[in-house]
Novice: 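To start, I am sharing the structure in question, which I have written as structure tokens.
Not measured: the values here are computed from a predicted model. In the text below, chain A, chain B and the rest are named by the order of the sequence lines, each starting its count at 1.
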Number of protein chains: 2
Amino acid sequence: MSLTEKVDKRAHILSVAEQLFAENGFDGTSVRDIAQLANVNLAMISYYFGSKEKLLEALVEDRAGYTLGVIEELNKNQTLTPWDKIDKLVEFYIEKIMNNYRFHCILSQTYNQAKSSPIKELIISIKMRNLEEIKKVIADGQRKKLFAKVDVELTMASVFGTLTQVVNSANLYSRLMKIDETDDATYRKKMSARLKTHLQQMLRAHLDIKNEE
Amino acid sequence: MSLTEKVDKRAHILSVAEQLFAENGFDGTSVRDIAQLANVNLAMISYYFGSKEKLLEALVEDRAGYTLGVIEELNKNQTLTPWDKIDKLVEFYIEKIMNNYRFHCILSQTYNQAKSSPIKELIISIKMRNLEEIKKVIADGQRKKLFAKVDVELTMASVFGTLTQVVNSANLYSRLMKIDETDDATYRKKMSARLKTHLQQMLRAHLDIKNEE
DNA sequence: GTTTAATTTAAACGTTTGTTTAATTTTGGG
DNA sequence: CCCAAAATTAAACAAACGTTTAAATTAAAC
């Protein structure tokens, strides 16, 4: 038994579940799959979490995060310009998504489901709060006559859409960019650098009031 | 029995399967669910398609389309400027995705799956060819000194990411934009107009060589 | 009208699913 | 050392799954 398993079996199961849910989907993963890969007895999952559904809830609660606080602090900051804040936001989200790409896949799957569930509602409400907070950053830039009157919601959709696209369709984009897709780690590293340049440049051009037509 | 069912039972099953796969995922939909909603006997699905997997294949073959031809024709066109072509591409994809949003959800799900399958490979290869063709449009604009030296792949990722985000997370964005989410049709209509303006403006600013730093 | 093929049906097939049980082992405080 | 609580186990549970069967019905051809 490895060290990580000994330290906290519950956390180990969560980690394995995260991997399998991301790779094969919630419905595409059986509790037996999780138990086997985690090297624990099947019944341990019910013992720790109660049910498969509650295992997912536990995962979301464990991973969902501190993001809102980071954006709020950014908003309060008086010394940074709106341009600086945009750059910081881009950097923050690239790092966040690249470090949690598995969890991000699960989130995408979950709030795309039609049937509503407590988990889905939780995820959406968290995401909503974060987006409302980011809106303020852009609104501030517009008030200060730095940013153009862009479609704020769709501008955010473009940023998150780009990130989601690159992470969730790594298969496609690694091939398209001729990056070795067998090594996930280098893909994400190379991609992080390119994403930062691309998103910052695109937003600079898109938001700049001087480019407004 | 409605008219459409009478005309072609096979097509009716495909349509119902498309809806359920989009709403609940492939693994989240049972063949019994499909049979019940389509008002056909359970065994008819095996009879027509052979298996659940082959039903999905049949769906992809039926819906996957004529897109490549459209882009190729656009590329050949000598009278349109690269700027015109970008606008046309945006309009084309918005309409395509909004008219086939259910199928688009299924595609997203499928090529996000880790385990490779013939269907997944088919989808990726089609998408690859289309993206390679779009690359040419941008490359042409760059050759003619109209477009800046942007990250072509990530620029495409931004466009498709925006569309995917808006369609797959309609739940989130309809709420964020305070659009009535109960009426899917009006959501997609309003969103189409906003998407067109947003994407065209953003690409205009992003691609314009005059905004290059 | 008879016959052959295509379609449709209800029932059953064997697996796999999530979950629970009841017995066993391990753990830690008195 | 003992013993109650916690952790772990193998086995079993009923329900749902994708698929197949064999009989019944409908359609088409001659």
Novice: Assign A:Ile45 to base, sugar-phosphate, or nothing according to its heavy-atom contacts below 4.0 angstrom with the strands shown.
Specialist: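 Nothing, no nucleic acid heavy atom in range.
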Novice: Quick check on A:Lys178: does its NZ atom have over 12 non-hydrogen neighbours (other residues, nucleotides or ligands) under 6.0 Å away?
Specialist: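 Atom NZ in A:Lys178 is not crowded, with 12 or fewer foreign heavy atoms closer than 6.0 Å.
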Novice: With sugar-phosphate meaning primed atoms plus P, OP1 and OP2, does A:Ser46 contact a base, only sugar-phosphate, or nothing at under 4.0 Å between heavy atoms?
Specialist: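 Base contact.
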Novice: Under 3.5 Å, is there a donor-acceptor pair linking the side chains of A:Ser108 and A:Asn168?
Specialist: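 There is such a pair between these side chains.
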Novice: Between the side chains of A:Gln113 and B:Asn24, does any donor sit under 3.5 Å from an acceptor?
Specialist: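 B:Asn24 and A:Gln113 do not have a side-chain donor-acceptor pair below 3.5 Å.
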Novice: Would the distance check show the side chain of B:Ser169 and the main-chain N or O of B:Val166 forming a donor-acceptor pair, the cut-off being under 3.5 Å?
Specialist: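 Absent.
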Novice: At a heavy-atom distance below 4.0 Å, which nucleotide of DNA chain C is the first touched by chain B, and which is the last?
Specialist: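 Listed 5' to 3', the contact boundaries are C:dA6 to C:dA12.
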Novice: If each of A:Ala43 and B:Asn41 is mapped to the nucleotide of DNA chain D with the nearest heavy atom, which maps nearer the 5' terminus, i.e. the 5' end?
Specialist: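 Looking at DNA chain D, the more 5' nearest nucleotide goes with A:Ala43.
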Novice: Please give the angle, rounded to 10 degrees, between the axes at the start and the end of the helix from C:dG1-D:dC30 to C:dT27-D:dA4, where five pairs define each axis.
Specialist: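 That helix has its two terminal axes inclined by roughly 10°.
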Novice: If I take atom CE in residue B:Met44 and atom P in nucleotide D:dT26, what distance separates them, rounded to the nearest angstrom?
Specialist: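 Nearest whole value for this atom pair: 14 Å.
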Novice: Once you measure the plane-to-plane angle for B:Phe26 and B:Phe21, does it fall in the parallel (<30°), tilted (30-60°) or perpendicular (>60°) bin?
Specialist: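 Tilted: the ring planes of B:Phe26 and B:Phe21 meet at 30° to 60°.
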Novice: For B:Leu42 and D:dT21, give me the distance from atom CG to atom C1', rounded to whole Å.
Specialist: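 B:Leu42 atom CG is separated from D:dT21 atom C1' by 13 Å.
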Novice: With a 4.0 Å cut-off on heavy atoms, is B:Tyr48 in touch with a base, just the backbone sugar-phosphate, or nothing at all?
Specialist: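 Sugar-phosphate, backbone atoms only, no base.
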Novice: Have B:Glu153 and A:Tyr173 got a donor and an acceptor in their side chains that come within less than 3.5 Å?
Specialist: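 Judged by distance alone, the side chains do not pair up.
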Novice: Please determine if A:Lys127 forms a cation-pi arrangement with A:Phe160, meaning its NZ or CZ atom is less than 6.0 Å from the six-membered ring centre and no more than 45° off the ring axis.
Specialist: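 So A:Lys127 does make the cation-pi contact.
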Novice: For the pair made of CZ in A:Arg32 and P in D:dA11, what is the distance, rounded to whole Å?
Specialist: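 After rounding, the reported distance stands at 13 Å.
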Novice: Would A:Lys54 and A:Tyr48 count as a cation-pi pair here, with the cationic atom under 6.0 angstrom from the ring centre and within 45° of the axis?
Specialist: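 A:Lys54 over A:Tyr48 ring: no.
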